[in-house]
Amino acid sequence: MSVLPPVRKDRIIGQLPKCFSKGAALNTEDEFHSKVKTACQQQRTGTVGFKISKVIVVGDLAVGKTCLINRFCKDVFDKNYKATIGVDFEMERFEVLGVPFSLQLWDTAGQERFKCIASTYYRGAQAVIIVFDLTDVASLEHTRQWLEDAMKENDPTSVLLFLVGTKKDLSSPAQYTLIEQDAIKLADQMKAEYWALSALSGENVREFFFRVASLTFETNVLAELEKSGSRRIGEVIRKYIKDHPKMKVC
Ligand SMILES: Nc1nc2c(ncn2[C@@H]2O[C@H](COP(=O)(O)OP(=O)(O)OP(=O)(O)O)[C@@H](O)[C@H]2O)c(=O)[nH]1
Ligand SMILES: [Mg+2]
């Protein structure tokens, strides 16, 4: 019996959300992977529905990490800056292709003096969101360092990366075009997906988190299918050896 309330109606994902820019996307497909769709239809997603995926949000102080999470999770925006001390986290429950799926969003401190505490929470992330301020070029330059720090604690081959520019409402079209060119180039080098959004207006916030949830879910299901596939091959080999006791195994 489940003790959890049903997933909110506005957290139900039935289709793969689109990327923000094809120039820097983790995947440019229009739909979920066919293997993932079939596994979900046949309810063969293993433990994915019970798992909680860890997502860490890093970046310079005051770039808008907390506001971004609060806009999505609570639909609020605070114009007063209150520095995050250490870390904070929010849970978000989704339903993707009919399967429950949860994200634990870790909001970390950007201030140098709290960085040491925050970095102890980086381990075990399935997705890393590196945030910069679209009106502050230095914050974009610092994203390389944030990536390096986050990757010290994680396996770079299995983590999904997102490079996110915030405060889009504050940047003029000319300023935005300039910084976007650099951000897309950097995202491409980092193998990250690029997004630009505003926690104040809410522009692209929901679309972005739906994309994070969908891609993390898809990766989890594919990994689960691979695991069960190799288990099945192991079973076939064991059965073959049992049925052919005279066969030598090297
Ligand atoms: N105009 C505008 N202001 C924003 C936006 N997002 C955040 N801010 C403002 O930027 C300031 C910093 O936001 P926070 O979300 O607290 O920044 P943070 O990255 O969490 O900072 P640390 O916790 O110190 O690392 C606050 O005054 C916010 O109101 C946005 O999208 N637009
Ligand atoms: Mg904060």
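As the structure lists them, so they are numbered: ligands from 1, and atoms in each ligand from 1.
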Would you mind listing which atoms of ligand 1 come within a distance below 4.0 Å of any non-hydrogen atom of G110?
22 (P), 25 (O)
Metal proximity, T84 vs the Mg ion (ligand 2), N/O/S cut-off 2.8 Å:
yes
Stacked cation flag R11 on F72, 6.0 angstrom / 45 deg:
yes
Which of the atoms of ligand 1 are close to D78, meaning less than 4.0 Å from one of its heavy atoms?
28 (C), 29 (O)
Run down the list K65, K167, K168 and name the one with the heavy atom closest to atom 11 (C) of ligand 1.
K167
Among all protein non-hydrogen atoms, which one is nearest to atom 31 (O) of ligand 1, and what is the separation to 0.1 Å?
A199 N, 2.8 Å
Centroid separation F162 to F208 less than 6.0 Å
yes
Which ligand 1 atoms, with their elements, are less than 4.0 angstrom from a heavy-atom of A83?
23 (O), 24 (O)
Which of the listed options, D169, T166, L197, holds the heavy atom that is closest to atom 30 (C) of ligand 1?
D169
Close-contact set for ligand 1 against S198 heavy atoms, below 4.0 Å
31 (O)
Provide, to 0.1 Å, the distance between atom 24 (O) of ligand 1 and the closest protein heavy atom, together with that atom's residue and name.
Y81 OH, 2.4 Å
Residues K152, D149: salt bridge by 4.0 Å N-O rule
yes
Could you verify whether a donor N or O on one side chain and an acceptor N or O on the other, from S53 and T216, lie under 3.5 Å apart?
no
Could you check whether T47 and E224, counting side-chain N and O atoms only, form a donor-acceptor pair closer than 3.5 Å?
yes
Can you tell me if Y121 has over 12 outside heavy atoms packed within less than 6.0 Å of its OH?
no
Atom 14 (P) of ligand 1 [closest protein heavy-atom partner, distance rounded to 0.1 Å]
G64 CA, 3.7 Å
Close-contact set for ligand 1 against L170 heavy atoms, below 4.0 Å
1 (N)
Would you mind listing which atoms of ligand 1 come within a distance below 4.0 Å of any non-hydrogen atom of A62?
10 (O), 12 (C), 17 (O), 18 (P), 19 (O), 21 (O), 22 (P), 24 (O), 25 (O)
Taking G124's backbone N and O only, do any of them form a donor-acceptor pair with N154's side chain (distance below 3.5 Å, no angle check)?
yes
Heavy-atom distances under 4.0 Å decide this one: backbone, side chain, both or neither, for A109 against ligand 1?
backbone
Evaluate T84 for polar contact with ligand 1, using N/O atom pairs at a separation under 3.5 Å.
yes
Tell me whether T166 contacts the main-chain N or O of F132 through its side chain, where contact means a donor paired with an acceptor under 3.5 Å.
yes
Between S139 and D133, does any side-chain donor sit less than 3.5 Å from a side-chain acceptor?
no
Starting from atom 20 (O) of ligand 1, what is the nearest protein heavy atom, named by residue and atom, and what distance separates them?
T66 OG1, 2.8 Å
Answer yes or no: does an N/O atom from L200 fall short of 3.5 Å to an N/O atom of ligand 1?
yes
Where's the contact between V63 and ligand 1, heavy-atom distance under 4.0 Å: side chain, backbone, both or neither?
both
What protein heavy atom is closest to atom 4 (C) of ligand 1, reported as residue, atom name and distance in Å?
F77 CZ, 3.6 Å
cation_pi(K115, W146) dist<6.0 Å, angle<=45
yes
What is the nearest protein non-hydrogen atom to atom 27 (O) of ligand 1, stated with its residue, atom name and distance?
K79 O, 2.9 Å
Identity and distance of the protein heavy atom lying nearest atom 15 (O) of ligand 1:
C67 N, 2.9 Å
When hydrophobic residues are tied together by side-chain contacts of less than 4.5 Å, even through go-betweens, does F114 share a cluster with V131?
yes
CG of D78 to OG1 of T66: how many Å apart, nearest 0.5 Å?
10.0 Å
